[in-house]
Amino acid sequence: MSHSAFRWLAGVFLLLAGLVLAAGARADDDFLDPQVAFKFSARMDGPKTAVVSYVIADGYYMYRERFSFKAQGATLGAPQIPAGKVHFDENFGKDVETYHHGVTIRIPVEGNRPFTLTVTGQGCADKGLCYPPQEASAQLVAGGGAGAAALQTAPTAPGSANDSTGGTAPASAAPQASAPAPSAALAQAAAPAAAPTQSELSGISSILQGGRMLAIVPAFILLGLGLAFTPCVLPMVPILSSIIVGEGGQMRKARGFVLSLSYSLGMAIVYTLLGVAAGLVGEGLSAALQNPWVLGGFALLMVAMAMSMFGFYELQMPAALQTRLAGASGRQKSGKLAGVFAMGAISALIVGPCVAAPLAGALVYISQTRDVLIGGAALFSMAIGMSIPLILVGVSAGSLLPRAGMWMESVKIFFGVLMLAMALWMVTPLLPAVAQMLLWATLLLGYGSWLLRRKGNWASMAAGLVFAVPGAMQVVGVASGGRDALDPLAELRGSQVQHLVFQRVKSVDQLDAILANTGGKTVMLDFYADWCVSCKEMERLTFPDARVKEKLANTILLQADVTANDDADKALLKRFALFGPPGIILFDHNGKEIADSRVIGYQDANKFLRSLQKLN
């Protein structure tokens, strides 16, 4: 391997390391915006009690005596402010009570209609900076109606706020934070109720709000590693494997490592940029990346790579660009690295549309705080975690792949078939069921027949049957009226999957009307799209489970189909601070969202049942 190749990769690593260190220095030396340091939320707990919560970032605190409350449209009673920690404060020259990490205050409310609650509070940083008093407002409904999520105003010095003092109540062990609601545009008709445990989203949000790189980077690397074996990331394994196979059988481990590292960096950088852009824009890029043109284009690229594996031609960079790269480095292999890096960047389009809890948490953080450095570092760390198995594939492939010869040709054919399967998987949401089954039949029967022709090779013939039989089942399934590629013979067995029946909602107003009249039932809102792979998995594998159906028997099932990604779809997603499907929101009997109960990404039946326990 050329020294220039190592210099190229080292340069990329140094650049990225500099960005991460700069972000870390920024997080350690700069002070947070007050909205981030003291995150405000408010909700109604019953018809006559408002609950105000502050989530306080690490290294910051708030003063007990600086809280004041006023309301327009309702009358407030004496607030129940928990006792704080007493210490001598140099800023005020006296003993004061303060709160670290969080505080929850309960306020009696007299009224029977919507009202505006305005709260004034003040806090400081441990390093010495004291913020001016900050004012925040929330639109709530007294007298049994559903309250809206907190709407925080820009920080201002308070006007004539009515200071209210009252008896103390025991401090809550943890602040009761609502599910993410980033801005006034995200006002919800149902504020979350308290929950005894934090959800995955809440935990991720807490890590980010702490602003400590030494905690964020390793945490998101681990989260990314957990996502590495999901359907969104696994398709990159055959892509990278086909690149390595294309190198031939003489490749060393070091070369496999550098190729996989180059591919992974391309994916990670573009994935980070896409995530930062989505967070700043305030909406997901899922629909943009999953339209027919993008999916079709990427599928055609996979077909082109498959044809290269089959030996029809050699797929490589344009000769002019390859010559320039080779001239700059003195070796053509550096040009190859640039091509692999570009392929990794393109592959980020596969991962980008997949919304999971870590990604959702990072995007909400970016949209709320506009902190590109911390949010971007979290996304890049997560992408590195997702890349770890890819790097291991690269290292192992250099030693495990056979030498040139007949066996190597068979391996290349196998990876070519994987490329075709991946192309078909990508366009599956765009194809009718019959077309899907016929294409899978063609691919499986074709490859199975090629393996069965190698008579005398029992391993090859056994593998041929493994592929040919499922292909034949697809043909029989189409002929018998089957329309499910995962269960092609369902019609013959007379065992059609009984899917959950959802009521479609298209607008925020329609949703609000349903939540206002639940008839005492709980509500589940499912965000779905035809191009969402995880949505299809939930629909096919999780929702039909008998235990899930039983659990949801007395629940109103709503579904927001955001396939079109029109203005109404964007408004529904924005209402719940979602960046794309899949996402499931649970509401209680009063139409209020249940705190820390959101389901982001695919869950199997067992895990989903645990999530549904909060419906009780």
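Predicted model, so just to flag it, every value in this text is computed and none were measured.
Atom CE of Met524 sits about 11.5 Å away from atom OG of Ser597, to the nearest 0.5 Å. One finds the OG atom of Ser381 at 13.0 Å from the CG atom of Leu225 (value rounded to the nearest 0.5 Å). Rounded to the nearest 0.5 Å, atoms OG1 (Thr98) and CZ (Arg64) are 11.5 Å apart. In this structure, the separation between CZ on Arg43 and CD on Glu593 is 12.0 Å, given to the nearest 0.5 Å. Expressed to the nearest 0.5 Å, how far CG of Leu541 lies from CZ of Phe608 amounts to 13.0 Å. Going from atom CG of Asp526 over to atom CD1 of Ile585 covers 9.5 Å, rounded to the nearest 0.5 Å.
Around CD1 of Ile388, the count of heavy atoms belonging to other residues, nucleotides or ligands within 6.0 Å exceeds 12.
Residues Ile594 and Phe587 form no side-chain contact, since every pair of their non-hydrogen atoms from C-beta on lies 4.5 Å or further apart. Residues Pro581 and Tyr528 fail the side-chain proximity criterion, which asks for heavy atoms closer than 4.5 Å. Counting heavy atoms from C-beta outward, Phe527 and Ile584 have side chains that stay 4.5 Å or more apart. In this structure the side chain of His100 reaches within 4.5 angstrom of the side chain of Asp126, judged on heavy atoms. Inter-residue side-chain proximity for Val508 and Leu572 is flagged as met; some heavy-atom pair is nearer than 4.5 Å. When side chains are defined from C-beta on, Lys39 does not count as touching Ile56, because their heavy atoms never get closer than 4.5 Å. Between Phe220 and Leu379, every side-chain heavy-atom pair lies at or beyond the 4.5 Å cut-off. Between Thr563 and Asp569 there is no side-chain heavy-atom pair separated by less than 4.5 Å.
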Evaluate the criterion side chain to side chain contact (heavy atoms under 4.5 Å, CB included) for residue pair Tyr263 and Ile391; output intermediate values, then yes/no. CA-CA 9 Å; Tyr263 178 90; Ile391 294 173; over 6 Å; no
Checklist line | Evaluation steps, side chain to side chain contact (heavy atoms under 4.5 Å, CB included), between Val562 and Leu573 | finding: CA-CA 8 Å; Val562 296; Leu573 288 167; 4.3 Å; yes
Would Tyr602 and Thr542 count as a side chain to side chain contact (heavy atoms under 4.5 Å, CB included) here? Give the steps.
CA-CA 9 Å; Tyr602 170 74; Thr542 303; 3.5 Å; yes
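Residues Leu525 and Ala560 approach most closely at CD1-N, 4.1 Å, considering heavy atoms. Across all non-hydrogen atoms, the minimal contact from Pro82 to Ile105 is CD-CG1, 4.2 Å. When all heavy atoms of Ser611 and Gln603 are compared, the pair lying nearest together is OG-OE1, 2.9 Å. Considering all non-hydrogen atoms of both residues, Ala136 and Phe40 come closest at CB-CD2, 3.5 Å. Among all heavy-atom pairs drawn from Ile384 and Ala268, the shortest one is CD1-CB, 4.3 Å. In terms of heavy atoms, Ala57 sits closest to Leu32 at CB-CD1, 3.7 Å.
Relative orientation of the Tyr60 and Phe38 rings is perpendicular, given thresholds of 30° and 60° on the angle between their planes.
Between the Ser264 side chain and the Ser260 main chain, a donor and an acceptor come within less than 3.5 Å of each other. No side-chain donor-acceptor contact under 3.5 Å links Arg598 to the backbone of Leu586.
Ring centers of Tyr61 and Tyr54: at least 6.0 Å apart, outside the cut-off.
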